[in-house]
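First up is the structure itself, then whatever we jot down about it.
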Amino acid sequence: MALNVPNLEGNEIADDYTRQYVPKGRWSDTWGVFKSNFLKLVLINVFVLITFVPGIAIIFFRSMYISGLGLVYPFNSSILYPFYPEVAGLTERLTLSADLLFYALLIVAGFIASIGLSGATYSIRKLINTHGQFSVKGFFHGIKVCYFNTVLPVTFVTAFMFASLTIGDWMRVVSATGGNAAGAVTAYVFIIIATVLVCIYSAWLFAVGTSYRTSFSQLFKNSFVLMIGTPIQTIFMAGFSLIPVWFVMIGGFMQVIGFIIFILFGFSMILLCWNAFTQWTFDAYVNPNLKAAKEEGAKKNAEENQVDPQQRARELLAAGKSELIARPIMPVTDSGRFTSLGKTFTRNDLKAVNENREKLYSDVAAYEEAHKNDSVFVEYNKLFAEREKALQSETDKKGKKKNKISSDNLLK
């Protein structure tokens, strides 16, 4: 499906960095950022984890509250009729009552968690685009410019999760009390499907809203277009980004690993993966002119260099002979760039830089050898040689040279 989101181009939320086209691709570029900036990702993860503490506390106290009810209410089979004549579905009703309270509070906790998510997604996006730049000031700037567009999708997700969990509790109450559960089961299936779709859509709302300045209506429209335009990629990357969550859900020893990942870099990993995917999508469908402008600039430079060799030689001659102009100099291109080093780097990164430098030396020598007979250099050196010879032959009666060689008289 062809995506049509031209109104986003040029409206990036990038106040203290410049979003650039990545020739090597977002995936390899992001992997390099992850390896060389791991400690920064851990620090960002700590900031996010702090804002998730209220939500974690709510889930913990919910479990404690339900466990405490087991000590008060008659769930023991030795308690007989005279004390509690009707206990069918009592467990389910108590769970439903607790979930209505605690999961409603979880929606409120989402407002606090959005603080960390907004600052983290801006910082990680800047980290990707600048290959390592991060500051606490930038994190708080991200909160300022991205908070509203973060709390909106987070509220959608927590509200639908609240609805699906409470409807599931209601379905179990109906089943436990012997009622007709067909309607409750149908409602539960539909709310689960709706919750999954809303979560995926909210992820795109989050990505677009924290990356671009756009109107409220355009935010919803463009997020929907991007979601339905990349369905397979979106589902795959959503699942891949949530790898730490899958570890926790498996249980057992894998759950322990999942908790360790979350404490160290889990939130940062999820945001890094999702940002890499969405930035790749934006490169392809929102900002293709980044690449087009780069290619057009290279083409323009090539056209400017295609001038008459003799005319070009005369222009250079007027400036005075230079060894840097008299011989071919390899132009600066993307292929000649060094491997970028961040503030932290490894021995392998230094080795890669040395290898690139040696390759550059050999490329320069090969270019000079291949172009030394180009007409522009031949004409340039020929004009200087002829003019210098003529000037040296012009002498006065005493045998002294009449003229001095300079940029002013070489073309006379």
Side-chain angles (χ1 to χ4, degrees), residues 13-17 30 33-34 37-62 102-130 132-162 198-199 202-212 219 223 237-238 241-245 247-248 258-279:
I13 301 177
D15 299 332
D16 55 355
Y17 70 92
T30 301
V33 170
F34 178 80
N37 298 276
F38 182 75
L39 292 179
K40 294 177 184 177
L41 293 173
V42 172
L43 180 59
I44 293 172
N45 193 77
V46 171
F47 289 155
V48 179
L49 188 61
I50 291 172
T51 61
F52 270 74
V53 168
I56 296 171
I58 289 171
I59 295 174
F60 173 77
F61 283 115
R62 171 193 172 273
F102 286 99
Y103 287 138
L105 292 175
L106 204 58
I107 297 176
V108 179
F111 285 80
I112 301 174
S114 298
I115 297 174
L117 291 175
S118 58
T121 191
Y122 183 86
S123 298
I124 288 177
R125 195 167 60 251
K126 178 181 177 181
L127 205 67
I128 293 174
N129 281 280
T130 60
Q133 290 185 20
F134 168 75
S135 65
V136 176
K137 181 180 179 181
F139 183 91
F140 284 100
H141 177 73
I143 296 173
K144 178 182 177 181
V145 297
C146 299
Y147 177 75
F148 176 77
N149 288 337
T150 299
V151 76
L152 185 66
V154 168
T155 301
F156 286 160
V157 170
T158 53
F160 270 81
M161 289 182 64
F162 169 78
V198 167
C199 286
S202 296
W204 272 112
L205 273 178
F206 174 68
V208 176
T210 57
S211 298
Y212 296 94
L219 172 62
S223 300
M237 283 308 303
S241 301
L242 294 174
I243 285 178
V245 178
F247 278 117
V248 173
F259 283 130
I260 294 174
I261 292 175
F262 264 112
I263 293 172
L264 291 178
F265 60 92
F267 293 108
S268 294
M269 176 182 173
I270 293 173
L271 292 172
L272 183 69
C273 293
W274 187 248
N275 266 290
F277 166 63
T278 54
Q279 293 294 302

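Heads up: numbering here begins at 1 and tracks the sequence. Bear in mind the structure is a predicted one, so any value in this text is a computation, not a measurement.
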Using 0.5 Å steps for rounding, measure from the CD1 atom of I128 to the CD atom of Q133. 13.5 Å
Taking every non-hydrogen atom, the tightest pair across S241 and I270: O-CG1, 3.1 Å
Determine whether the aromatic ring centres of F267 and F52 lie less than 6.0 Å apart. yes
Going from OG on S268 to CG on N37, what distance comes out if it is rounded to the nearest 0.5 angstrom? 11.5 Å
Hey, could you give me the SG/CG distance between C199 and L205, rounded to the nearest 0.5 Å? 11.5 Å
Is the backbone N or O of L41 less than 3.5 Å from a side-chain atom of N45, with the two atoms forming a donor-acceptor pair by type? no
Do the non-hydrogen side-chain atoms of F262 and L49 ever get within less than 4.5 Å of each other? no
Got L106 and F162 here, is their nearest side-chain heavy-atom distance under 4.5 Å? no
Taking atom CZ of F206 and atom CG of L152, what is their separation to the nearest 0.5 Å? 12.0 Å
Can you list the steps and then say if I50 with V46 is a side-chain contact (heavy atoms from CB on, under 4.5 Å)? CA-CA 6 Å; I50 291 172; V46 171; 4.2 Å; yes
Please step through side-chain contact (heavy atoms from CB on, under 4.5 Å) for the pair I115 and F47, ending with a clear verdict. CA-CA 9 Å; I115 297 174; F47 289 155; over 6 Å; no
Examine distances only and state if a side-chain atom of W274 and a backbone atom of A203 form a donor-acceptor pair shorter than 3.5 Å. yes
Could you tell me which residues satisfy side chain to side chain donor-acceptor pair (under 3.5 Å) with Y147, sequence neighbours excluded, listed by chain and number? none
Taking the side chain from T51 and the backbone from V48, do they hold a donor-acceptor pair closer than 3.5 Å? yes
For the atom pair OG (S211) and CD1 (I13), what is the distance rounded to the nearest 0.5 Å? 7.0 Å
I want to check something: taking the side chain as every heavy atom from C-beta on, are F140 and V136 in contact at a cut-off of under 4.5 Å? yes
To the nearest 0.5 Å, tell me how far R62 CZ sits from L105 CG. 12.5 Å
Could you walk me through whether Y122 and F139 pass ring pair (Phe, Tyr, Trp, His ring centres under 6.0 Å), step by step? CA-CA 7 Å; Y122 183 86; F139 183 91; 9.6 Å; no
Return the set of residues passing side chain to side chain donor-acceptor pair (under 3.5 Å) with T121 (not counting sequence neighbours), or none when no residue passes. N275
Using every non-hydrogen atom in the two residues, find where G110 and V154 come nearest and quote the distance to one decimal. O-CG1, 3.6 Å
Minimum side-chain heavy-atom gap F134-L43 below 4.5 Å: yes
Closest non-hydrogen atom pair between G209 and N149, with its separation: O-ND2, 2.8 Å
R125 side chain vs A276 backbone, donor-acceptor pair below 3.5 Å: no
Might you confirm whether atom CZ of F265 has over 12 heavy atoms from other residues, nucleotides or ligands at distances under 6.0 Å? yes
Take W204 and L219 through the test side-chain contact (heavy atoms from CB on, under 4.5 Å) and record every step on the way to the result. CA-CA 9 Å; W204 272 112; L219 172 62; over 6 Å; no
